[in-house]
Protein chains: 2
Amino acid sequence: MIQSLNEHNREDLQEALGKGGQKLTPQREVVFAVLLAQRDHPTVDEVFNRARESMPGLSLATVYNCLETFVGCGLVRQVNHERESTRYCPNLAPHAHFRDKETGQVHDIELPPEVMKSLRSILPPGFDSEVIEISFLGRTKANDPLHSN
Amino acid sequence: MIQSLNEHNREDLQEALGKGGQKLTPQREVVFAVLLAQRDHPTVDEVFNRARESMPGLSLATVYNCLETFVGCGLVRQVNHERESTRYCPNLAPHAHFRDKETGQVHDIELPPEVMKSLRSILPPGFDSEVIEISFLGRTKANDPLHSN
DNA sequence: TTAAAGAGTTAGAATGAGTCTAAACTGCAA
DNA sequence: TTGCAGTTTAGACTCATTCTAACTCTTTAA
Ligand SMILES: [Mn+2]
Ligand SMILES: [Mn+2]
Ligand SMILES: [Zn+2]
Ligand SMILES: [Zn+2]
């Protein structure tokens, strides 16, 4: 599937890059389009292989560079499970990750503000947290269409 | 500091190893003693260097092997933060990890059952989770003696 | 119109945590 | 004794990620 961004997403990307002092480039557009097109938490290699379909000369190093830039600009989150390859997620809403033990698929789990609050409340005085990472490991029985994309 | 286990801990270790079909060895005793002596979530290299003080011939490969065995027997948990070296934790109570951005230190955060429950409740139907990992990233102001060991 | 500067891209080398391999060692049992 | 199964060991290997240095592209300055 050839990737390209609609005007809206391209503007969003350009604005976020600009705020971080970075430029919009064709490579960054393609890589970002790949992330938006299939939100299955791809690894760098998966992003690379998908992006190459629309931009054959693209290099793996550039994919690493682009993804790092996006993370720096707050456009994308890194997702780590144990020591596996880092995966990338363009969902900016607060959410946890569920990793299916059998398929390896990663699903987004919405995080209601009340749960965030109860989590923050377990920190003893003096502990100030900016980032909370929550990851589940288990099995999915049904194929919930909302969470299986 | 030379590491050794008291009779009670040695029995616990032997029993857990036995249930997993594994034997108690001098190397496993030393490595386990290192984990119990200083519960600061050491990396493999840190465990290796501490353990070598009481057992100079010990090899790094054996430390990897011992720790893997302990994890398999449920005696120890692996703790990962982003792509840093894996750390090891002998605290078997349900707890989260707080990583100090500045010092790199990792602290245990108690996880009340009610919070565990609220976390499990955010899973959509069909999602069955065995393991939940929670990690905070931030700063510690005070040196809470309960959490700074 | 050219030249210099700066940002981004690229291929390939380097890094390093973790894993694998094969030989040596240990404790126990036939 | 001897054999065997599990364990330990040094060192080779893997592979995701980072680094390096050359190259390209765009913008700015002369
Ligand atoms: Mn928008
Ligand atoms: Mn006990
Ligand atoms: Zn996600
Ligand atoms: Zn811990």
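Quick caveat: nothing in here was measured; it's all calculated off a predicted structure. Naming: A, B, ... by sequence-line order, numbering from 1 per chain.
OP1 or OP2 of D:dT7 sits under 4.0 Å from a side-chain N or O of B:R28. At the phosphate of D:dT9, OP1 or OP2 sits under 4.0 Å from a side-chain N or O atom of B:T62. Under 4.0 angstrom from either OP1 or OP2 of D:dG6 there lies no side-chain N or O belonging to B:Q22. Contact between the side-chain N/O atoms of A:T25 and the OP1/OP2 oxygens of C:dT9 is found at a separation under 4.0 Å.
Among the candidates B:R87, B:Q105, B:H97, the single residue satisfying the side-chain hydrogen bond (donor to acceptor under 3.5 Å, both in side chains) test with B:H41 is B:H97. For the side chain to side chain contact (heavy atoms under 4.5 Å, CB included) criterion with B:Y88, the lone passing option out of B:V79, B:L75, B:V76 is B:V76.
Rounded to a whole Å, the CZ atom of B:R83 is 9 Å from the C1' atom of C:dA17. Taking atom CZ on B:F48 and atom C1' on C:dT19, their separation rounds to 16 Å, with Å as the unit. Rounded to whole angstrom, the span from the CG atom of A:L67 across to the C1' atom of D:dT17 amounts to 12 Å. Rounding to whole angstrom units, CG of residue B:N80 and P of C:dA17 are separated by 13 Å. Atom CD of A:E82 is separated from atom P of D:dA16 by 16 Å (rounded to the nearest Å). Atoms CG (B:L60) and P (C:dC20) sit 15 Å apart, rounded to a whole Å. When the C1' atom of D:dC25 is taken as reference, atom NZ of A:K23 falls 9 Å away, rounded to whole Å. In this structure, B:L17 atom CG and D:dT7 atom C1' are separated by 12 Å, rounded to whole Å.
Nearest to the side-chain atoms of B:A61 among the listed nucleotides C:dG8, D:dT8, D:dA10 stands D:dA10. For A:S59, the listed nucleotide lying nearest its side chain is C:dA11; candidates were C:dG8, D:dT9, C:dA11. Here the side chain of B:S85 is nearest to one of D:dT17, D:dA10, C:dA17, namely C:dA17. Considering only the side chain of A:Q27, C:dT9 comes nearest among C:dG8, C:dG18, C:dT9. Of the listed nucleotides (C:dA17, C:dG8, D:dA16), D:dA16 has the atom at the smallest distance from the side chain of A:D45. The side chain of A:L58 sits closest to C:dT10 out of C:dT10, C:dT9, D:dT7.
Two residues, B:M55 and A:Y64, neighbour DNA chain D, and the one matched to the more 5' nucleotide by heavy-atom proximity is B:M55.
Connection of B:M116 to A:L123 is established within a shared hydrophobic cluster, with ILVMFWY side chains joined at heavy-atom distances below 4.5 Å, either directly or through further cluster members.
Among the protein residues, B:E84 comes within range of no part of the nucleic acid, since none of its heavy atoms lies under 4.0 Å from any strand. In this structure, A:T86 reaches the sugar-phosphate backbone alone: every heavy-atom distance under 4.0 Å involves primed, P, OP1 or OP2 atoms, never a base.
When all heavy atoms are compared, the tightest approach of A:D128 to B:F98 is O-CZ, 3.7 Å.
Remark: A:R99 CZ to A:S135 OG distance equals 9.5 Å, nearest 0.5 Å. Within the model, atoms CD1 of B:I134 and CD1 of A:I134 stand 5.5 Å from one another, a figure rounded to the nearest 0.5 Å.
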